[in-house]
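Below is one structure; the comments refer to it alone.
Since this is a predicted model, take the numbers as computed values, not measurements. Atoms within a ligand are numbered from 1 in the order they appear, just like the ligands themselves. Note: hydrogens, waters and symmetry copies are ignored here, and every other heavy atom, side chains too, is used.
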Amino acid sequence: MALIQTAVREQVGIITLDQPAKRNALSKSLIDEIVASLADFQARRLRAVVLRAQPGTKVWSAGHDVDELPASRRDPLGWDDPLRHLIREIETFPAPVIAMIEGSVWGGACETVFACDLIVAAPSATFAITPARLGVPYNIAGVLTFLNAASLRIGKEMAFTARPVSAERAERLGMINHVVPAEELEAFTFDLAATICDNAPLSIAVMKEQMRILAGAHPMSPQGFERVQGLRRVVYDSDDYQEGIRAFKDKRRPVFRGR
Ligand code: YXS
């Protein structure tokens, strides 16, 4: 059963998340379908991609599929994790990927949206960074995605509180490009895509790649990286990590004890 719908409108590829029963959770299967669609769009030399959910959805995506997070003692967001693969595919896709958002966006889906090149949202959209809600030690490239979207102070507030940020506040803070009334969202987004398609695709592709390289150009010493990985291991080996996942599955509030 398809977990996404795809379409092509002139030179724009469209990917619609379509697994409402699981609130479009980013499972490996769903991510594999997105990645395959991006490869097809690239082969067809499409000049923009719109990544959206079903019209009128209350939840754009509930984030990483919690059922696919490792139980314990293994990095939950290592290089080969499907979510990490999706982020890299979006960042390296040789044309702009525009996230069109209605409803709430959670955790790994929030990073996915922030990894997109442009974000157009309806007033109903909210954005939440949720590792602290589940006891997950986010990975350092993911933290950089968040810091490239929000200021350090806002990034800390979102990460430490795990509270959703409204579309209006996100636009005011420059975290998203436009907030548009829901009934105008599709027309506005596709007009933006059409404008991009009328410009020089090679020039756009090289500027997107330059900005990716520059946005990721942060010096980190081998010692610094090893320190981060050591700290993350303490977290994903902790009782709190297991409690966070267990509480989610039990549909109850977690009780974190700091060990
Ligand atoms: O009980 P059934 O079988 O019907 O399944 C329920 C949920 O378990 C399922 N579901 C998910 N399954 C796997 N992974 C998920 N992330 C996930 N979210 C939901 O979908 C069915 C319907 O969910 P339900 O009843 O809660 O729907 P709702 O409309 O009442 O509430 C929608 C949400 C999104 C507010 C609620 O589902 C929710 O809070 N979901 C979790 C949001 C979240 O914390 N996501 C972060 C996932 S972990 C992640 O992204 C990173 C690793 S991190 O945390 O580090 O950022």
Side-chain angles (χ1 to χ4, degrees), residues 1 3-4 17-32 34 51 53-54 56-87 90 99 101-116 124-150 155-167 175 228-229 231-238 240-254 256:
M1 179 193 83
L3 304 176
I4 66 172
L17 306 182
D18 192 19
Q19 196 187 13
K22 211 166 181 180
R23 303 299 184 267
N24 295 332
L26 298 177
S27 61
K28 181 180 183 323
S29 306
L30 188 146
I31 287 172
D32 286 349
I34 296 174
L51 180 62
Q54 312 90 335
T57 187
K58 294 233 180 311
V59 179
W60 193 88
S61 171
H64 197 298
D65 187 329
V66 174
D67 298 325
E68 296 183 355
L69 288 173
S72 174
R73 305 203 181 282
R74 191 161 63 82
D75 188 337
L77 291 168
W79 177 265
D80 292 325
D81 180 86
L83 174 66
R84 304 314 324 149
H85 184 207
L86 174 61
I87 299 292
I90 289 171
I101 311 296
E102 292 178 277
S104 55
V105 184
W106 303 83
C110 191
E111 188 197 349
T112 300
V113 169
F114 284 171
C116 291
S124 65
T126 61
F127 305 88
I129 297 176
T130 55
R133 186 173 176 197
L134 283 106
V136 170
Y138 220 71
N139 65 303
I140 196 156
V143 168
L144 184 55
T145 306
F146 290 131
L147 287 183
N148 282 334
K156 285 182 176 180
E157 178 188 334
M158 292 182 75
F160 300 163
T161 67
R163 276 190 192 148
V165 167
S166 69
M175 288 165 48
V228 165
Q229 290 301 89
L231 291 171
R232 294 186 61 246
R233 175 184 289 277
V234 170
V235 180
Y236 62 73
D237 280 357
S238 70
D240 277 0
Y241 174 77
Q242 296 190 44
E243 164 63 8
I245 293 175
R246 198 170 37 239
F248 174 81
K249 293 179 177 177
D250 296 346
K251 299 185 186 295
R252 60 175 171 80
R253 283 179 66 82
F256 295 122

With a 6.0 Å cut-off (strictly less than), is the heavy-atom count around CZ of Arg252, excluding the residue itself, greater than 12?
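Yes, CZ of Arg252 has more than 12 neighbouring heavy atoms, counting only those of other groups under 6.0 Å.
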Could you name the protein residues that come within less than 4.0 Å of ligand 1, counting only heavy atoms, and order them by chain and residue number?
Ala21, Lys22, Arg23, Ala25, Val59, Ala62, Gly63, His64, Asp65, Val66, Trp106, Gly107, Gly108, Thr130, Pro131, Arg133, Leu134, Val136, Tyr138, Phe248, Lys251
Using 30° and 60° as the class boundaries, would you call the ring planes of Phe146 and Phe114 parallel, tilted or perpendicular?
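Taking Phe114 first and then Phe146, their aromatic rings stand perpendicular (interplane angle over 60°).
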Residues forming a salt bridge (charged side-chain N to carboxylate O under 4.0 Å, His left out) with Arg84, sequence neighbours excluded
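For Arg84 the salt bridge (charged side-chain N to carboxylate O under 4.0 Å, His left out) partners, ignoring immediate neighbours, are Glu111.
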Quick one: does any side-chain atom of Asp240 pair with a main-chain N or O of Phe256 as donor and acceptor, under 3.5 Å?
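Not at all, since once roles are kept as given, no pair shorter than 3.5 Å links the two residues.
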Is the backbone of Gly103 close enough, under 3.5 Å, to the side chain of Ser124 for a donor and an acceptor to pair up by distance?
yes
CG/Leu3 to CG/Leu17 distance, rounded to the nearest 0.5 angstrom?
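Reported to 0.5 Å precision, the distance equals 10.0 Å.
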